[in-house]
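Each remark here refers to the structure printed beneath this line.
Each ligand, and each atom within it, is numbered from 1 in the order the structure gives.
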Amino acid sequence: MSQTERAADSGLDPAGQGWNNQSMPKLDTASLLELENRYSAHNYHPLNVVLERGEGVWLWDIDGKKYIDFLAAYGAVNQGHNHPRIVAAMAEQSQRLSLTSRAFRNDRFGPFCRKLSELTGYDKALLMNAGAEAVETAIKAMRRWGYQKKGVAADQAQILVFEGNFHGRTTTIVGFSSDEGSRAGFGPFAPGFVPVPYGDADAVAAAMNPNVVGILVEPIQGEGGVIVPPAEFLPRLRALCDEHNALLVCDEIQSGLGRAGAMFAHQLTGIRADGVCIGKALSGGLYPVSAFLADDAVMDVFDPGSHGSTYGGNPLACAVADAAVDVLMDESLIEKSAALGEHMGTRLSAIKSPHIKAVRCVGLWAGIDLHESAGGARKYAEWLQDNGLLCKGTHVHTIRLAPPLTITREQLDDALDLIEKALT
Ligand SMILES: *Cc1c(COP(=O)(O)O)cnc(C)c1O
């Protein structure tokens, strides 16, 4: 077979124009929904909008309708869709070297880990892919540290976790979720996790005992509805960990990298965590990259063979994430999030609506709780969709807002006008 025939056979356009669209007729929204419905598991309940293009804060559906994105893929697209600098890094690296596995070394890994260390102030990074894997890594680190350094008896380690948490979807992680929908039917679950009410430092103090190796906490609960704990909560967790020789690990997968107006949300309370999980915006939405960050005393518990991932720390991931954190810093997106977030908070709090029960806003990240009489968040998300803004509720009665941090003040004001109109 000639190269042209092979290309034609595979559906590739032999003229090098990408996929041959003649053999793939354009489907309408109803047909695409039907395909999803028939050929994919029903593990999500998405809005009925089928997107085909993105640029910066904008998304376009298959009919050419334009939307401003107020979800930013749950905070994975802080840098905006298809940021040209990240796209260029990905294109360039993918043509050179993508995956070697960690059986060999690659030239992007060391420099990127150094960049993360210099940016975040932690000695070392352990790179994974999905956010849930960074959390699993943190759990392993806390437990091994507990056995090796704290002297906890074998298999007795306890990790304190919080009600309303979201840390991902593995069987271990959903085992300590308080959301029945995430847990039901997936047991038996791993022992060793002790749930405590979120924001209740006294309950944490009461749960402390010599077998507690660490506390795993979201500094702000994102999926929980952008829940901000009392100001003294994280400082008290820090003090309790110091007092009881336990590790404080912050899951900053959604709250970190600028979303809350700081590199890490926990820094807003003036504390330093012993370990940090990051993911989502670490790669600006182009590729899954996550990491667990810690100092040597914690990270040194990992020895060869104790942990890993085939794709973890691959050169393509490193090149993409390297460019994504450069964009975050060079475009001052963290400072922008803080400044525009204050504006967003002021405007949201000023909305006079019989439907609003409470508004929380930290950086460019807001949760709007609606009264039950308002009829659920999805109704408002659908009205906003019809009017050119995409967002998604969390739980039943909370609207969550999280635009890309590249949004301009004018774009933000236009979107807030629309949100105000939706709610009044
Ligand atoms: C999204 C999220 C995760 C899980 O990340 P995945 O990439 O979906 O596995 C973990 N923790 C928090 C706080 C998150 O928001």
Test of understanding: given a 4.0 Å heavy-atom threshold, classify the contact between [X] and ligand 1 as side chain, backbone, both, or neither.
X	result
F166	both
E133	neither
H167	backbone

Counting both backbone and side chain atoms, is some N or O of [X] under 3.5 Å from an N or O of ligand 1?
X	answer
A132	yes
K280	yes
E223	no
G131	yes

Side-chain contact, heavy-atom cut-off 4.5 Å: V135 with T137?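 V135 does not reach T137 side chain to side chain.
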Please state which protein non-hydrogen atom is closest to atom 11 (N) of ligand 1 and give its distance, to 0.1 Å? D251 OD2, 2.6 Å
Establish, yes or no, whether the cationic atom of R272 lies under 6.0 Å from the six-membered ring centre of Y122 and within 45° of the ring axis.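 Ring-cation test returns yes.
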Charged N to carboxylate O under 4.0 angstrom, R236 versus D200?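 No.
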Lys/Arg-Asp/Glu bridge criterion (N-O < 4.0 Å) met for D303, R144: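 R144 and D303: salt-bridged.
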Any donor and acceptor pair, going by atom type alone, linking the side chain of E218 with main-chain N or O of F166 inside 3.5 Å?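 Checked: pair present.
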Is it true that the side chains of S255 and E252 contain a donor and an acceptor less than 3.5 Å apart? yes
In ligand 1, which numbered atoms sit nearer than 4.0 Å to a non-hydrogen atom of I253? 2 (C), 3 (C), 10 (C), 11 (N), 12 (C), 14 (C)
Is atom 8 (O) of ligand 1 touching the protein, meaning some protein heavy atom lies under 4.0 Å away?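 Under 4.0 Å from atom 8 (O) of ligand 1, zero protein heavy atoms found.
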Might you point out which heavy atoms bring D300 and K149 nearest each other, and give the distance in Å? CB-NZ, 4.4 Å
